Amino acid sequence: MFPRQIQEKLWILGNEYFHVYLMKGTSASALVEAGISATADLLLEQMSSLGVCPDFIIVTHPHSDHVTGLPYLKLAFPAAKVIAGKGADLFLQHPKAESAVIREDTHMTESLASIFSLSNRRVITSVPSLSGCAVVNDGDEIDL
């Protein structure tokens, strides 16, 4: 069922619980969201099946279900430029964020494992870093 093409240049990746979007332009592609650590291998397989290596990884907001797959995606696509909104890095650096983000990623992974066969990818042990990412503001555009 996934990846599912929903428009000429837009796909839904992931599974029925966690969607990640792939946009392919004429000169670049962008992965919108990073999912959770447990979906990283699935996303990598799906992008491979589409023959895509993203130029951008866009984190729409720093909640754990949108960012905890980022460390694995950054390893797989080191040339991809990570983009996030203003303040996302500070949110993840908050002292309460580390335990909450790791706990949420662990819970979501355990929940998915009860439904799906997952890879042996380890749950994150530290908060994903958005340090050095490109920061976008309202009205900014990304040319694909």
Side-chain angles (χ1 to χ4, degrees), residues 1-7 9-25 28-142 144:
M1 174 122 354
F2 294 93
R4 182 182 326 148
Q5 188 170 8
I6 57 174
Q7 296 232 341
K9 297 182 179 191
L10 180 63
W11 286 260
I12 299 175
L13 308 180
N15 59 39
E16 53 267 26
Y17 298 99
F18 294 97
H19 291 169
V20 173
Y21 301 91
L22 173 65
M23 297 183 297
K24 288 176 65 176
S29 63
L31 196 60
V32 180
E33 305 300 2
I36 64 172
S37 62
T39 61
D41 286 333
L42 177 62
L43 296 174
L44 295 175
E45 288 171 18
Q46 291 171 346
M47 286 186 284
S48 177
S49 75
L50 296 170
V52 176
C53 180
D55 300 286
F56 301 97
I57 302 171
I58 302 169
V59 176
T60 62
H61 60 286
H63 289 168
S64 55
D65 57 328
H66 297 264
V67 72
T68 56
L70 184 61
Y72 300 117
L73 296 175
K74 285 170 56 174
L75 279 174
F77 306 112
K81 185 175 188 176
V82 178
I83 299 172
K86 183 178 177 182
D89 58 338
L90 292 176
F91 179 90
L92 290 174
Q93 292 174 24
H94 190 279
K96 292 183 179 180
E98 184 166 20
S99 62
V101 168
I102 293 169
R103 185 175 56 251
E104 290 170 2
D105 190 57
T106 301
H107 173 73
M108 289 181 283
T109 296
E110 289 170 354
S111 295
L112 272 186
S114 70
I115 301 167
F116 297 105
S117 173
L118 297 176
S119 69
N120 292 324
R121 181 78 65 174
R122 298 179 62 115
V123 172
I124 61 166
T125 56
S126 61
V127 173
S129 174
L130 292 175
S131 176
C133 74
V135 175
V136 293
N137 296 294
D138 287 347
D140 287 350
E141 295 181 7
I142 299 168
L144 299 180

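The figures that follow rest on heavy atoms only: side chains count, while hydrogens, waters and symmetry mates do not. None of the values given here were measured: they were computed from a predicted structure.
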Heavy-atom closest contact (A97 atom, F91 atom, distance): CB-O, 3.5 Å

Candidates I36, V59, L92 - the one meeting side chain to side chain contact (heavy atoms under 4.5 Å, CB included) with L70: V59

Intermediate values then yes/no, side chain to side chain contact (heavy atoms under 4.5 Å, CB included), L130 and L90: CA-CA 9 Å; L130 292 175; L90 292 176; over 6 Å; no

Between NE2 on residue H19 and CZ on residue R4, distance to nearest 0.5 Å: 6.0 Å

Any side-chain heavy-atom pair of Y21 and I12 under 4.5 Å: yes

Where at least one partner belongs to residues 62-74, residue pairs that pass side-chain hydrogen bond (donor to acceptor under 3.5 Å, both in side chains), sequence neighbours excluded: E33-H66, H61-H63, H61-H66, S64-E104, T68-D105

Min side-chain heavy-atom separation L144-K9 under 4.5 Å: no

Atom pair CG (N15) and CD1 (I115), whose distance is rounded to the nearest 0.5 Å: 8.5 Å

Closest non-hydrogen atom pair, A80 against F56: CB-N, 4.4 Å

Where V20 and G35 come nearest, the two heavy atoms and their spacing: CG2-N, 3.9 Å

Check: P3 and L22 side chains under 4.5 Å, non-hydrogen atoms: no

Point-to-point distance, once rounded to the nearest 0.5 Å, from OG1 of T60 to CD1 of I83: 12.0 Å

For the student: nearest non-hydrogen atoms of F77 and V52, plus distance: CE2-O, 4.3 Å

Exceeds 12 heavy-atom contacts within 6.0 angstrom, atom CD of Q7: no

Beyond-backbone contact of Q46 with W11, side-chain heavy atoms, under 4.5 angstrom: no

Test side chain to side chain contact (heavy atoms under 4.5 Å, CB included) applied to T39 and L112, step by step: CA-CA 9 Å; T39 61; L112 272 186; 4.0 Å; yes

Distance in Å, C133 SG paired with I58 CD1, rounded so as to fall on 0.5 Å steps: 11.5 Å

Point-to-point distance, once rounded to the nearest 0.5 Å, from CG of D89 to NE2 of H94: 13.5 Å

Identified side chain to side chain contact (heavy atoms under 4.5 Å, CB included) partner of P128 from the options S37, P62, P71: P71

Nearest heavy-atom neighbours spanning A38 and T109: CB-OG1, 3.4 Å

Set of side chain to side chain contact (heavy atoms under 4.5 Å, CB included) partners for E98, sequence neighbours left out: I102, S126, V127

From CG (L43) to OG (S48), nearest 0.5 Å: 12.5 Å

Heavy-atom side-chain proximity of L42 to F18 below 4.5 angstrom: no

4.5 Å side-chain heavy-atom contact, M108 and Y17: no

Side chains of K81 and I142 in contact at under 4.5 Å (non-hydrogen atoms): no

For G85 against V135, the heavy-atom pair lying closest together: C-CG1, 4.0 Å

